[in-house]
Amino acid sequence: QVQLVESGGGLVQPGGSLRLSCAASGIMFRIYTMGWYRMAPGKQRELVASITSRGNTNYADSVKGRFTISRENVKKTLYLQMNSLKPEDTAVYYCKPWGTDTWGQGTQVTVSS
């Protein structure tokens with residue numbers, strides 16, 4: 001059974017940074033493209049960043065240059081380094097392996113002064 005546990009969210013001021021983690025189990029993590037998604041209040045869930053098994057990355061235009069996705073296959077962990085945070089980054093952040101329907105509980109990120 002696939003399990004995903006996101007952590008690292010919190011309250012941060014505009015311009016601040018956070019590092020999110022996603023611990024995966026029950027999955028051959030290293031072969032999957034992994035994605036970070038977010039859902040803001042009143043909006044649909046959107047893909048923020050993705051990373052292939054080979055380490056190729058893609059980002060939504062809204063976070064390009066500010067967020068960095070990475071992975072540690074040995075630890076089965078996905079990361080999202082978020083810098084220069086803006087109020088519009090406020091959302092619940094989730095990780096998910098592509099091609100699966102498994103979601104974790106998410107981690108709340110709130111950017112506010």
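If you read the sequence from its start, that first residue is 1, and numbering goes on from there.
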Single-linkage hydrophobic cluster, 4.5 Å side-chain cutoff, Leu78 and Val74 together: no
Path from Phe29 to Tyr79 over hydrophobic side-chain contacts below 4.5 Å: no
Note, Pro97 side chain near Thr33 side chain (heavy atom, < 4.5 Å): no
Any Leu11 side-chain heavy atom under 4.5 Å of Ser112 side chain: yes
Any side-chain heavy-atom pair of Pro14 and Pro87 under 4.5 Å: yes
Validation row: Thr107, Leu20 side chains within 4.5 angstrom (heavy atoms): yes
Straight-line distance of Lys76 NZ to Ser25 OG, nearest 0.5 Å: 7.5 Å
Side-chain touch Gln108/Thr90, heavy atoms, less than 4.5 angstrom: yes
Spacing of CZ belonging to Phe67 relative to CG belonging to Leu80, to within rounding of 0.5 Å: 6.0 Å
Spacing of OG belonging to Ser21 relative to CD belonging to Gln81, to within rounding of 0.5 Å: 9.5 Å
Pair Lys96 + Asp101, salt bridge at N-O below 4.0 Å: no
Lys/Arg N to Asp/Glu carboxylate O, Lys86 vs Asp89, below 4.0 Å: no
Non-hydrogen side-chain atoms of Arg38 and Ser62 separated by less than 4.5 Å: yes
Residue pair Asn58 / Ser50, side-chain donor-acceptor N/O under 3.5 Å: no
Qualifying residues under ring pair (Phe, Tyr, Trp, His ring centres under 6.0 Å), relative to Tyr32, sequence neighbours excluded: none
Atom pair CD (Glu46) and CH2 (Trp36), whose distance is rounded to the nearest 0.5 Å: 14.0 Å
Nearest heavy-atom neighbours spanning Ser53 and Arg30: CB-O, 3.2 Å
Working for side chain to side chain contact (heavy atoms under 4.5 Å, CB included), residues Gln44 and Met39: CA-CA 6 Å; Gln44 290 188 331; Met39 184 180 288; over 6 Å; no
Test log, rule side chain to side chain contact (heavy atoms under 4.5 Å, CB included), inputs Leu18 and Leu85: CA-CA 8 Å; Leu18 284 173; Leu85 282 161; 4.2 Å; yes
same_hphob_cluster(Ile69, Val5) at 4.5 Å side-chain heavy-atom cutoff: no
Met28 atom CE, neighbour heavy-atom count above 12 within 6.0 Å: no
Exceeds 12 heavy-atom contacts within 6.0 angstrom, atom NZ of Lys43: no
Minimum side-chain heavy-atom gap Tyr59-Arg66 below 4.5 Å: no
Hydrophobic cluster identity match, Leu47 and Met82, side-chain contacts under 4.5 Å: no
Heavy-atom side-chain proximity of Met34 to Arg71 below 4.5 angstrom: yes
Closest contact, heavy atoms only, Leu4 versus Cys95: CD1-O, 3.5 Å
Qualifying ring pair (Phe, Tyr, Trp, His ring centres under 6.0 Å) pairs with a residue from residues 85-113, counting only residues at least two apart or across chains: Tyr37-Trp103, Tyr94-Trp103
